[in-house]
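Worksheet: the structure to be examined is printed underneath.
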Amino acid sequence: MTPAMLETTISRRGFLKAAGALTFAFTVTGSLAGRVAEAFAADDPAKFNAWVSIAPDGTVTVMMPAAEMGQGALTSLSLILAEELDADWSKVTTQYAPPIPKIYGNYHPLFRGAMLTAASVSTPGYWMSMRMGGAQARRVLMDNVAREWNVPLAELGTEPGFVVHAASGRRISYGDVVKFATLPAAPPQLTEADLKKPSQFRLIGREDIGRVDVPSKTDGSAMYGIDVRLPGMIYATVLEAPSDGAKAVRVNLEEVMRIKGVKKVLAMPFGVAVIGDTVHATRKARAALKVQWDNTNAAAKDFDSERAMQEYARHGRDPNARAMPWFEKGDAPKALGGAARTLEAEYSSVHCYHAQMEPMNCVARVAEDGQSAEIWTGTQSSALAALVASSVLGLTPDRIRVHQHLLGGGYGRRIWPDAVAQAVALSNVTKQTVKLMLTREDDFAAARPRPMTHHILKAGLDANGELVAWHHRLVAENVDAVAAPPRFKATGGKDIIGWRGLEEPFYAVPNMLADAVREQRGVRVHAWRGIGAGYNKFAAESFLDECAHAMGKDPLALRLELTKDSPRANAVIRAVAEMADWKRPRPKGRALGIAFSDYHDSFSAGIAEVSVDAKTGKIRVHEYWVAGDAGIVVQPENAHAQLESAVVYGLSSALVEELTFKDGGVVQTNFHEYQVLRMRDVPQIHTKVIVTDNPPTGLGELGVPCVAPAIGNALFKLTGKRVRQLPMSPRRVAAALRT
Amino acid sequence: MITFVVNGKEVHSEQPADTPLLWVIREELGLTGTKFGCGMAQCGACTVHVNGTPVRSCVTPISQLSGKKVTTIEGLAPNGEHRLQKAWVAEQVPQCGYCQSGQIMQAAALLAKNPHPSREQIVNHMNGNLCRCGTYNRIVRAVQRASKEV
């Protein structure tokens, strides 16, 4: 397979003409039928939207609705379509789909048609769409050959890239079929029964198929948004306002304008922008800027994260707190009231920064008449980027052309198109093509962090010492309120991002309640790899460990017991225990801790082997084992890579990451002040991917949630001390060891 | 004007002497394989070789380069076929890939001096290069694989 085309530059009409290709639309069952019928029936070819086309030379082009941020979507989604098309993989290429959610949206229940690459649901959400797309195109090819050769359809089959007639030994390449093929008036009506069985897969699950973007990422040719260069382009950077609504009231304009190459200094609603001839000029100017902010209307005015943490705790403990239920089973308050013994503990976690290696950036060109614009960027949602760009200009999204590029890390940060809005605004003001690049310092200032959280956990044991009641209360700002207000409104104020992981559907505890208390501090909290499960499972799985010790049970045995009626959950726990050889005594000074977590219908369990430097409080994770079950696995090698990656992300937030706020703004400015895990602190990571015939579910974040609780539980086993705050930094661990 | 050599070609830059090499490479020469990550030598995404030594181009002013030889990821080997680049593909190292040019350049400097580094030597040499996707263990494996081919 050739590397993906990285830009959606060709109009759909031009694409059809230029390729001389046969272009297929397709339908799937259920909710997609309507919109696909519309796509298929459109009589204006410019509106004809397609998922796959085959050129006379046999090249198969798959329209790519998802962004590539390292998770492997460019490979996996096209591979799924190619599987059902029975395509020759070496002839498959991709082209980014235009931002038209009606056609290219993700119909996973979480997204319901939004065109967004997030939450590990690209493969699950497009799984059936891509398969049907491939199967329909294959059927159209076969129908054409049946007519041409005058043989019954039932006698035809396919081999990669060919239609074959076994009885006569005849075969014809897909490219040659395209030369005479015609499209039917209506798409062939296929059902799931027409699709391949997993045992018939030729491409899905192959160990030897590498990711298509990897070679370009070893020789410098991969194109990210930050790499775009256009004729006549000018450069911009923005000294970000410390908080939404903060206003620049005094700027040392004259001084900054004297810097060679600086063209303009502009006070904008989002900060102070510098426009210049070179990157160097804008960076020098940015460093020289002195801005006085008026915080009167700042959203996060006076926010101080350390002080707020104390307030969160107080709010959570308040018996009259307004808590919204998220997960309920039985009657937890009553069962807690009647328990023979109750346990209680409080946990907390700080804000975390995405630290994507490519700072936020965007190139924008607004047309002279202001009636259309083009943007070049790497975004997790080209549709949201188009929407935001259009609203800056007072236009409709169809007036915006988005040139999607590779993402130098997403992890949730590149959902929000703040850089797009800024670049479009600056291009509109200057009437020039603007390349906006944030400095790392401003990428920090513009952080959209994982929320800071406080947790109150209560458990009740009955007279026999069995766990019969569970209550998990979360106190935090709500991500959906900031990042997805319409959905937040529709759910009546439930934060489906930030509360993820509070639920416990796989533990057989008869009475359970999880609820949440909302904080509103004006911090731009956002989705961060693993979303709510990252901190909610830290609290829940650590507290379950406390319960196990209080009950005199082995933490592994308790988890196996609680999941005995949930085979997939039980299986990952058993698998990881085998991998780590749980019962084997560890060398002196080391201990194991275990955790389990589901995540968006996938299952994982992790075990950490740790030691600690009693003097400095530095935890060292020597080995980490993770077992995951995400159903059918499209790219096995990448599944291991995603688990490893998520484990490192989890380790980093468990051990070192800490973003703090003072006076409403982020305190840390660069990687010397905000630590992320480096090579020296990475353990040996052992991954096991349990492949089942279940439809594929998410893998990209699955490895995150178990890491922190597994480490904390191991630390307790080792020292008898429990650290109930993230990160478990040397300072906190040393303090806990002194108690 | 400052004259130096980039990937075997002489370059005459008219940019101010304090301009970091990174921006001349990326925006003036269009060699965008070298990445901007932090601007203060904290992440290693901008690593290139100057006379064979790995440097952070984001803090290297071009005034220091007069007459020197710069190698970027694009010039590491013809057709991207350096043994490290092949090992990077074989081990499927990159995810988002943004830091990987810097990782490969950093590793190439190690193998040039020490063809058979131990795991510890690899980790010590590579520790300054951040990878937010956490591909660290694959990076080690790829360096080890490449070192077997020396």
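All chains are named by letter (A, B, ...) in the order of the sequence lines, taking the proteins before the strands, and each is independently numbered beginning at 1.
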Could [X] and [Y] be called an ion pair, given the rule that one side-chain N must be under 4.0 Å from one carboxylate O?
{"X": "A:Asp681", "Y": "A:Arg620", "answer": "yes"}
{"X": "A:Arg211", "Y": "B:Glu91", "answer": "no"}
{"X": "B:Arg138", "Y": "A:Glu637", "answer": "yes"}

Side chain to side chain contact (heavy atoms under 4.5 Å, CB included) partner of A:Tyr235, the single match among A:Val274, A:Thr282, A:Val363: A:Thr282
Who wins among [options] for the most heavy-atom pairs under 4.5 Å with chain B?
{"options": "A:Pro215, A:Gly261, A:Ser645, A:Gly409", "answer": "A:Ser645"}
{"options": "A:Gln356, A:Met233, A:Gln71, A:Met69", "answer": "A:Met69"}
{"options": "A:Gly210, A:Gly410, A:Ala641", "answer": "A:Ala641"}
{"options": "A:Val648, A:Leu677, A:Asn670", "answer": "A:Asn670"}
{"options": "A:Lys260, A:Met679, A:Arg529", "answer": "A:Met679"}

Contact origin within [X] toward chain A - heavy atom pairs under 4.5 Å:
{"X": "B:Thr135", "result": "neither"}
{"X": "B:Asn124", "result": "both"}
{"X": "B:Leu130", "result": "both"}

In terms of heavy-atom pairs under 4.5 Å, which option from [options] contacts chain A the most?
{"options": "B:Cys96, B:Gly30, B:Cys133", "value": "B:Cys96"}
{"options": "B:Gln103, B:Met40, B:Gln15", "value": "B:Met40"}
{"options": "B:Gln92, B:Met126, B:Glu74, B:Gln100", "value": "B:Gln92"}
{"options": "B:Thr19, B:Val89, B:Leu84", "value": "B:Thr19"}
{"options": "B:Cys38, B:Gly39, B:Ser101", "value": "B:Cys38"}
{"options": "B:Pro16, B:Gly97, B:Ala90, B:Gly134", "value": "B:Gly97"}

Step-by-step salt bridge (charged side-chain N to carboxylate O under 4.0 Å, His left out) determination, A:Arg440 to A:Glu240: CA-CA 11 Å; A:Arg440 177 58 65 183; A:Glu240 293 278 332; over 6 Å; no
A:Leu651/A:Val621 under side-chain contact (heavy atoms from CB on, under 4.5 Å): CA gap, chis, key distance, verdict: CA-CA 9 Å; A:Leu651 280 161; A:Val621 181; 3.8 Å; yes
Which atoms of [X] come close to chain B, meaning under 4.5 Å heavy atom to heavy atom: side chain ones, backbone ones, both, or neither?
{"X": "A:Glu441", "answer": "side chain"}
{"X": "A:Val279", "answer": "side chain"}
{"X": "A:Arg678", "answer": "both"}
{"X": "A:Leu407", "answer": "backbone"}
{"X": "A:Met357", "answer": "both"}

Mutual orientation of the aromatic rings belonging to B:Trp23 and B:Phe36 [parallel < 30°, tilted 30-60°, perpendicular > 60°]: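 Because their plane-to-plane angle lies in the 30° to 60° range, the rings of B:Trp23 and B:Phe36 count as tilted.
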Parallel, tilted or perpendicular: rings of A:Trp528 and A:Tyr649 (30°, 60°):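 If you compare the ring of A:Tyr649 with that of A:Trp528, the planes turn out tilted.
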Salt bridge (charged side-chain N to carboxylate O under 4.0 Å, His left out): pairs with one or both residues in residues 27-49 of chain B, sequence neighbours excluded: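 Found A:Asp227-B:Lys35, A:Lys435-B:Glu27.
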Nearest-0.5 Å distance that lies between atom OH in A:Tyr224 and atom CG in A:Leu406: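 The OH atom of A:Tyr224 sits 5.5 Å away from the CG atom of A:Leu406.
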Test side-chain contact (heavy atoms from CB on, under 4.5 Å) applied to B:Gln144 and B:Ile122, step by step: CA-CA 9 Å; B:Gln144 288 171 330; B:Ile122 295 170; 3.7 Å; yes
Step-by-step salt bridge (charged side-chain N to carboxylate O under 4.0 Å, His left out) determination, A:Asp442 to A:Arg286: CA-CA 10 Å; A:Asp442 288 300; A:Arg286 157 65 180 78; 2.4 Å; yes
